[in-house]
Amino acid sequence: MSSVNLVVMVVGLLVLAQQSFQMSLRNPVAETNNCKIDFTRLGLVLTSDTNEKALQDSGLFTPDAETPYVDIAGRRFHIGTLNARYIVFRIQGIIHFGSAGSLDKESIVPGDVSVPLAVAFTGAWNWKKFGSDKGTLNFGEFNYPVNGENLLASVDYDKVKLFSKGHSPQDVFWFPSTTSWYSAATQVLQDLELRQCYDRACLSSKPKIVFGTNGSSSDSYIKNKAYGDFLHKVFNVSTADQESAAVAWTSLSNEKPFIVIRGASNVAGEANPGFSPASYLASYNAFLAAAKFIESIPTPRLACE
């Protein structure tokens, strides 16, 4: 017997699971009878209550009968199994899914799922003095109704430090997905059937999975169309969210493979009614893609004496 283990985390929610036999969370190898089971431990990181609802509605998560949750440091950790895959603490890779705003509605519309090649952290700004050399984002170019000078001047986008074991610190702007995982995803997910309808409402077109794009990530939730268009034009990014860069940054710092899967819940600058069928389907479809990818990850063989 072999198994894939997952850590499923959402803001305020961390879903854990334990196998039917006793095993230390600190021990990467479990024993049963005369056999050793080497577990592949993965992390599934969620980002919102809508993502949590998609997980719960999927029917793939089963709470543990004896210990459905534990409370640690003000957070509740739900315990169970995801699609019969066990969950433990020490992890070997991260699958990050959630919602995002589309910055390119010609390619990605609400309900679609984006699997970006890389994510840029667009939240580190070097705000320049008024009258100095202009930076990448010039606020005067967005004056309305006429472009001109603006006391906010301009900003340049800074790189951030990436620290990892055995390597000198690197200045990075892009966080690329793990190549082997990304390549596998393009094969595994290409024919995945996504959900088009929810609660009697249907998307105007059949949702699809989009590969080969890039994403942007920062602390800001982007509703402004002009800024969304700017990011798309300057950095060739097609989605924007608030978490992906942090997950990628942490994964690379710890030398763990990772992949980002984001469902488009809205288009920057267009009406966003909050929880809506499109918003829910974005989360649900991203979860379907994440679950399908997890199923494809090879599990170690059982070694018996």
Side-chain angles (χ1 to χ4, degrees), residues 45 47-48 51 94-127 134-139 141-142 154-162 170-179 181-183 185-186 189 207-252 258-272 278-279 282-283 285-286 289-290:
V45 181
T47 63
S48 69
N51 301 157
I94 296 289
I95 299 95
H96 173 45
F97 89 87
S99 304
S102 172
L103 306 181
D104 177 18
K105 66 179 181 180
E106 298 300 319
S107 301
I108 300 174
V109 298
D112 288 348
V113 173
S114 171
V115 186
L117 279 165
V119 176
F121 180 57
T122 54
W125 286 12
N126 178 5
W127 209 309
K134 291 184 177 180
T136 306
L137 172 59
N138 302 304
F139 290 99
E141 295 179 0
F142 296 90
S154 64
V155 299
D156 276 328
Y157 289 79
D158 280 350
K159 296 180 179 180
V160 294
K161 290 286 185 184
L162 174 64
Q170 303 176 60
D171 292 323
V172 300
F173 182 73
W174 292 98
F175 298 95
S177 298
T178 302
T179 302
W181 276 23
Y182 192 87
S183 177
T186 61
L189 303 180
K208 60 187 181 297
I209 297 182
V210 180
F211 296 99
T213 61
N214 293 314
S216 69
S217 186
S218 70
D219 294 334
S220 303
Y221 186 87
I222 299 174
K223 294 183 177 180
N224 185 277
K225 182 180 186 302
Y227 186 58
D229 290 345
F230 167 83
L231 289 175
H232 176 57
K233 178 181 178 181
V234 174
F235 299 116
N236 192 30
V237 292
S238 298
T239 57
D241 65 65
Q242 296 177 279
E243 303 87 12
S244 293
V247 174
W249 200 345
T250 302
S251 300
L252 291 172
F258 78 95
I259 193 167
V260 173
I261 300 172
R262 308 290 292 205
S265 59
N266 64 289
V267 176
E270 297 188 359
N272 181 15
S279 176
S283 292
N285 286 337

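Numbering starts at 1 and runs along the sequence shown.
Take Tyr227 and apply the side-chain hydrogen bond (donor to acceptor under 3.5 Å, both in side chains) test, not counting sequence neighbours, and it matches Tyr157. Scored by the salt bridge (Lys or Arg N to Asp or Glu O under 4.0 Å) test, Asp229 finds Lys225 as partners (sequence neighbours excluded). Listed by chain and residue number, Asp241 satisfy the side-chain hydrogen bond (donor to acceptor under 3.5 Å, both in side chains) test with Ser217 (two or more places apart in sequence, or in another chain). In this structure Asp156 satisfies the salt bridge (Lys or Arg N to Asp or Glu O under 4.0 Å) test together with Lys128, sequence neighbours excluded. In this structure, the side chain to side chain contact (heavy atoms under 4.5 Å, CB included) partners of Ser283, at least two apart in sequence or on a different chain, are Thr50, Asn51, Ala54, Ser99. Contacts of Phe142 classified as ring pair (Phe, Tyr, Trp, His ring centres under 6.0 Å), with partners at least two apart in sequence or in another chain: none. By the side chain to side chain contact (heavy atoms under 4.5 Å, CB included) test, Ser183 pairs with no residue at all, sequence neighbours left out. With sequence neighbours excluded, no residue forms a ring pair (Phe, Tyr, Trp, His ring centres under 6.0 Å) with Trp174. Under the rule for a side-chain hydrogen bond (donor to acceptor under 3.5 Å, both in side chains), the partners of Asn138 that lie at least two apart in sequence or sit in another chain are Glu141. Residues satisfying the side chain to side chain contact (heavy atoms under 4.5 Å, CB included) criterion with Gln170, sequence neighbours excluded, are Leu162, Val172. Remark: Ala246 pairs with no residue by the side chain to side chain contact (heavy atoms under 4.5 Å, CB included) rule, at least two apart or across chains.
Taking OG1 of Thr239 as the reference point, atom CG of Leu231 lies at 10.5 Å (rounded to 0.5 Å). In this structure, the separation between CG on Asn126 and CG on Asp158 is 5.0 Å, given to the nearest 0.5 Å. Summarising the geometry, atom CZ belonging to Phe175 is positioned 11.0 Å from atom OG belonging to Ser244; distances are rounded to the nearest 0.5 Å. To the nearest 0.5 Å, atom CD1 of residue Ile261 and atom NE2 of residue His96 are 10.0 Å apart. Between the CZ atom in Phe230 and the CG atom in Leu137 there is a gap of 4.5 Å [rounded to 0.5 Å].
A heavy-atom distance below 4.5 Å is found between the side chains of Phe211 and Leu189.
Shortest non-hydrogen contact noted between Ser216 and Leu103 is OG-CD1, 4.1 Å. Ile95 and Ala290 make their closest contact through CG2-CB, 3.9 Å (heavy atoms, listed as atom of the first residue, atom of the second, distance). Closest heavy-atom contact between Gly135 and Ser154: N-OG, 2.7 Å. Phe258 approaches Ser177 most closely through the heavy-atom pair CZ-CA, 3.7 Å. The two residues Ala264 and Ala282 make their nearest non-hydrogen contact at O-CB, 3.2 Å. The minimum heavy-atom distance between Asn224 and Ala226, with the atom names listed, is OD1-N, 3.0 Å.
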Which side-chain N or O atoms in residues 106-117 pair as donor and acceptor under 3.5 Å with protein atoms at least two apart or in another chain?
residue : atom : partner : partner atom : Å
Ser107  : OG   : Asp104  : OD2          : 2.8
Asp112  : OD1  : Lys208  : N            : 3.0
Asp112  : OD2  : Val109  : N            : 3.0
Asp112  : OD2  : Lys208  : NZ           : 2.5
Ser114  : OG   : Thr213  : OG1          : 3.2

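Of the possible polar contacts, one joining the Gln242 side chain to the Asp219 backbone as a donor-acceptor pair under 3.5 Å is found.
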* Between Glu243 and Arg262, does a side-chain contact (heavy atoms from CB on, under 4.5 Å) hold up when you go through it step by step? -> CA-CA 10 Å; Glu243 303 87 12; Arg262 308 290 292 205; 2.8 Å; yes
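Using a 30° and 60° split on the angle between ring planes, Phe121 and Trp249 fall in the tilted class, from 30° to 60°.
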